[in-house]
> 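The structure that follows is given in the form of structure tokens.
Remember, predicted model here, so these are calculated numbers, not experimental data.
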Amino acid sequence: MTTPAATTPEDRLVSRNPAAPADVVVELTPPGETAVRAAVARARIAQPAWHIGGPAVRAAALTGVAEAIESAADELAALAVREVGKPLSEARAEVNRTVAIWRYYAQLSYDPVGAVHEPAAGAGLLLTRRRPYGVAGLVTPWNFPLAIPGWKAAPALAAGNTVVLKPAPEATACALRLAELAAKSLPDGVLTVVPGGAAEGGALVSAADVVSFTGSSAVGAAVVGTAAAHGVPVQAETGGQNAALVLPDADIGAAAGHIAAAVAGYAGQKCTATGRVIAVGSALEPLREALTEALRALRVGDPADPATVCGPLISERARDRVRDAVRGLPTVTGAAPPGGDGWFTTPLLAHDVPPGHELLTEEVFGPVAALLPAADLTEAVRIANSVRYGLVTSVHTADLGAALHGLDRLDTGMIRINAPTTGVDFHLPFGGTKASGHGPREQGRAALEFYTSSRTYTLHP
């Protein structure tokens with residue numbers, strides 16, 4: 001028998017408070033690939049009974065999960081503030097959204113699962129029927145530690161699948177607490193959380209019957225490749241480099257408020273955050289002034305303060321990447337960050353950014369955006385479409401015709417008129433084009449379709 005190697009610090013999963021890194025929220029030894037495969041095996045055993053129990057049982061269970069989350073709302077919001085640095089106002093809103101997601105999919109357990117058709121000739125019936133795949137493997141990020149696991153797990157469960165969830169290491173405590181609350185209503189093996197890193201995530205993607213991923217483009221490409229090699233359905237939401245287009249006839253003050261919040265809210269750590277601001281024609285100078293004022297008015301600081309809009313970055317590395325991305329560029333700075341050891345940075349608006357610069361091509365994932373001029377709407381659309389991502393674009397204008405023009409020509413999965421790029425409704429399909437996503441859409445009824453396969457039955461008398 002081989003003696004196990006001693007545990008080293010590198011073997012440990014450590015989740016820290018981004019506002020006070022000395023505060024360790026959770027520390028554990030990842031369970032390893034064998035434990036992940038065992039969790040999938042248990043979920044596969046539990047799945048038939050969960051499905052044949054019927055929609056009433058599933059709806060009641062999902063409603064129970066919603067009620068448990070709601071009863072722990074203050075605790076969960078505080079945990080999100082501590083573990084992932086989410087500002088308290090956003091953490092509270094995320095908990096409320098998570099409750100609504102579970103309630104929404106509880107009712108969708110009763111949705112029709114197929115259709116009846118007449119045969120082309122003769123007697124009989126043709127039926128289509130959606131069936132669950134089995135075990136849904138979910139790999140989720142840290143930035144929405146409650147809502148994203150909810151909008152993946154709830155539809156998978158409503159459709160009759162069981163779920164194994166691998167959260168990002170930085171959101172381990174949130175996921176484990178969510179699983180404890182869900183266990184009050186769900187049978188054993190129906191929802192399992194396996195903490196860990198790349199090894200555990202890879203094992204889950206290799207073992208599950210259907211896979212949903214949210215995270216970076218590089219990891220997403222690997223997840224899609226692994227799932228495809230195993231012949232299982234996969235969806236991957238992999239970020240964005242989102243633009244806000246501002247036309248001269250827009251309400252510049254309102255547009256600046258929306259854009260500032262979408263740049264700096266939660267320190268820009270959202271896939272829907274605004275990374276490029278494209279000012280059309282004479283809108284440039286008024287927008288520059290209004291955006292400068294709006295950014296400087298946003299509170300930067302302790303995420304536990306209800307007034308804070310921009311808290312810390314998730315890690316020292318993330319903070320340093322933001323600083324490196326703007327080095328050497330002329331910038332307008334927002335409010336100064338607090339002192340101390342937290343991973344804070346000031347919101348930034350860069351201008352005179354040279355073509356090909358990282359700020360114009362990649363998702364920096366911080367409270368920074370580039371301000372760009374465009375001669376007219378046609379050029380603005382061209383600039384917006386010039387990146388490899390295509391998640392969401394906002395268009396700010398008083399001209400409905402111009403808005404519709406933008407809707408038709410923008411190459412993104414979601415378009416918001418006179419609204420921030422952030423804040424998409426959970427009951428509508430969510431997803432992007434190009435490098436922003438792969439596979440069917442998330443959320444809404446589209447999620448039920450993704451977590452089920454369609455079968456066609458021919459019945460002859």
> Going through the distances and angles, do I69 and L178 end up as a side chain to side chain contact (heavy atoms under 4.5 Å, CB included)?
CA-CA 8 Å; I69 294 171; L178 184 64; 3.6 Å; yes

> If you round to the nearest 0.5 Å, how far is CD of Q443 from CG of L448?
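The CD atom of Q443 is 12.0 Å from CG of L448, to the nearest 0.5 Å.
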
> Can any side-chain N or O of T226 pair as donor or acceptor with the backbone N or O of V223 at less than 3.5 Å?
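No.
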
> side-chain hydrogen bond (donor to acceptor under 3.5 Å, both in side chains): which pairs involve residues 414-425, sequence neighbours left out?
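Every side-chain hydrogen bond (donor to acceptor under 3.5 Å, both in side chains) pair that includes a residue of residues 414-425, provided the two are not neighbours, is T274-T421.
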
> Please evaluate residues K270 and F144 with respect to the criterion side chain to side chain contact (heavy atoms under 4.5 Å, CB included), reporting the C-alpha separation (whole Å), side-chain torsions for both, the decisive distance (0.1 Å), and the verdict.
CA-CA 8 Å; K270 304 175 184 178; F144 287 87; 4.0 Å; yes

> Should R37 and E33 count as an ion pair when the cut-off is N to O under 4.0 Å?
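Yes, charged N to carboxylate O under 4.0 Å.
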
> With a 4.5 Å heavy-atom cut-off, do L13 and P30 have their side chains touching?
yes

> Counting distance only, does the side-chain N/O of T308 pair as donor-acceptor with the main-chain N or O of D302 below 3.5 Å?
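Yes; at least one donor-acceptor contact below 3.5 Å.
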
> Do you know which two heavy atoms are closest between A370 and L359, and how far apart they sit?
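Taking A370 first and L359 second, the nearest heavy atoms are CB-CB, 4.5 Å.
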
> Report yes if some heavy atom in the side chain of T412 is under 4.5 Å from a heavy atom in the side chain of V392; otherwise report no.
no

> List the atom pairs, donor and acceptor, that lie under 3.5 Å between side-chain atoms in residues 188-196 and the rest of the protein, sequence neighbours left out.
none

> Nearest 0.5 Å, what's the CG-CD distance between L79 and E75?
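It is 7.0 Å, given to the nearest 0.5 Å.
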
> Within a reach of under 6.0 Å around CZ of R455, are more than 12 heavy atoms found that belong to other residues, nucleotides or ligands?
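It does not: R455 CZ has 12 such atoms or fewer within range.
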
> Shortest non-hydrogen contact from T162 to L157?
CA-CD2, 4.1 Å

> Can you see which heavy atom on P440 is nearest to which on V234, and at what distance?
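Closest approach of P440 to V234: CD-O, 4.1 Å.
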
> Centre of F450's six-membered ring, under 6.0 Å away, within 45 degrees of the axis: is that where NZ or CZ of K152 sits?
no

> Measure across V14 and V24 and return the closest heavy-atom pair with its distance rounded to 0.1 Å.
CG1-CG1, 3.9 Å

> Does E362 pair with R321 as a salt bridge, N-O distance under 4.0 Å?
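Here E362 does not pair with R321 in a salt bridge, since their nearest N and O are not under 4.0 Å apart.
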
> Do V364 and L348 have side chains that get closer than 4.5 Å, going by heavy atoms?
no

> How about S15 and T172: does a side-chain donor come under 3.5 Å of a side-chain acceptor?
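Note: S15 and T172 side chains miss the donor-acceptor criterion.
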
> Drop me the distance from I101's CD1 to F426's CZ, to the nearest 0.5 angstrom.
6.0 Å

> The test is side chain to side chain contact (heavy atoms under 4.5 Å, CB included); show your working for L410 and N385 and say whether it passes.
CA-CA 6 Å; L410 286 165; N385 289 345; 4.0 Å; yes

> Please round to the nearest 0.5 Å and tell me the distance separating atom CZ of R276 and atom CG of L245.
8.5 Å

> Check whether Q269 reaches the backbone of P312 with its side chain - one donor and one acceptor, N or O, closer than 3.5 Å.
yes

> Are side-chain heavy atoms of Q241 and T361 found at a separation under 4.5 Å?
no

> Is the W151 ring parallel, tilted or perpendicular to the F430 ring (thresholds 30°, 60°)?
tilted

> Evaluate the side-chain proximity of L108 to P155: yes if any heavy-atom separation is below 4.5 Å, no if none is.
no

> Between the side chain of T140 and the main-chain N/O of I148, is any donor-acceptor distance below 3.5 Å?
no

> Do the side chains of Y133 and V232 get nearer than 4.5 Å, heavy atoms only?
no

> Distance-only, no hydrogens or angles: does the T345 side chain make a donor-acceptor pair with backbone N or O of R319 under 3.5 Å?
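Not at all, since once roles are kept as given, no pair shorter than 3.5 Å links the two residues.
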
> Can you list every side-chain hydrogen bond (donor to acceptor under 3.5 Å, both in side chains) pair that touches residues 100-109, not counting sequence neighbours?
E70-R103

> Short question: side chain of R388, backbone of S436 - any donor-acceptor pair under 3.5 Å?
no

> Please report the closest heavy-atom contact between L62 and L186, naming both atoms and the distance.
CD1-CD2, 4.5 Å

> Would you indicate whether D324, at its atom CG, is surrounded by more than 12 heavy atoms from other residues, nucleotides or ligands within a distance under 6.0 Å?
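It does: D324 CG has more than 12 such atoms within range.
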
> Locate the shortest heavy-atom distance separating N242 from L391; write the atom from each residue and the value.
OD1-CB, 3.5 Å

> Does some side-chain heavy atom of I314 sit less than 4.5 Å from a side-chain heavy atom of V84?
yes

> Would you mind reporting whether S216 and F365 have side-chain heavy atoms less than 4.5 Å apart?
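Answer no - side chains too far apart.
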
> Judged by modelled atom types alone, do R12 and T29 share a side-chain donor-acceptor pair under 3.5 Å?
yes

> Has E83 got a side-chain atom pairing as donor or acceptor with A173's backbone, closer than 3.5 angstrom?
yes

> Look up atom NZ in K86 and atom CG in L146, then write down how far apart they are to the nearest 0.5 Å.
8.0 Å

> Is it the case that the side chain of R58 and the backbone of H51 share a donor-acceptor pair, with hydrogens and angles ignored and the cut-off at 3.5 Å?
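Yes: the side chain of R58 pairs with the backbone of H51.
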
> Output, in order, the C-alpha distance, side-chain angles, deciding distance and verdict of side chain to side chain contact (heavy atoms under 4.5 Å, CB included) for C174 and E94.
CA-CA 12 Å; C174 287; E94 181 175 349; over 6 Å; no

> Please confirm whether the backbone N or O of G134 pairs with a side-chain atom of N161, one donor and one acceptor, at under 3.5 Å?
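Looks like yes, one N/O pair under 3.5 Å.
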
> Is it true that atom CG of D111 has more than 12 heavy atoms of other residues, nucleotides or ligands lying nearer than 6.0 Å?
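Yes - once you tally the heavy atoms of other residues, nucleotides and ligands closer than 6.0 Å, there are more than 12.
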
> Would you give the length of the straight line joining atom CG of L428 to atom CD of E442, rounded to the nearest 0.5 angstrom?
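Atom-to-atom, L428:CG and E442:CD are 13.5 Å apart.
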
> Using modelled atom types only, decide if a donor and an acceptor are shared between the side chain of E200 and the backbone of G197 within a distance under 3.5 Å.
yes

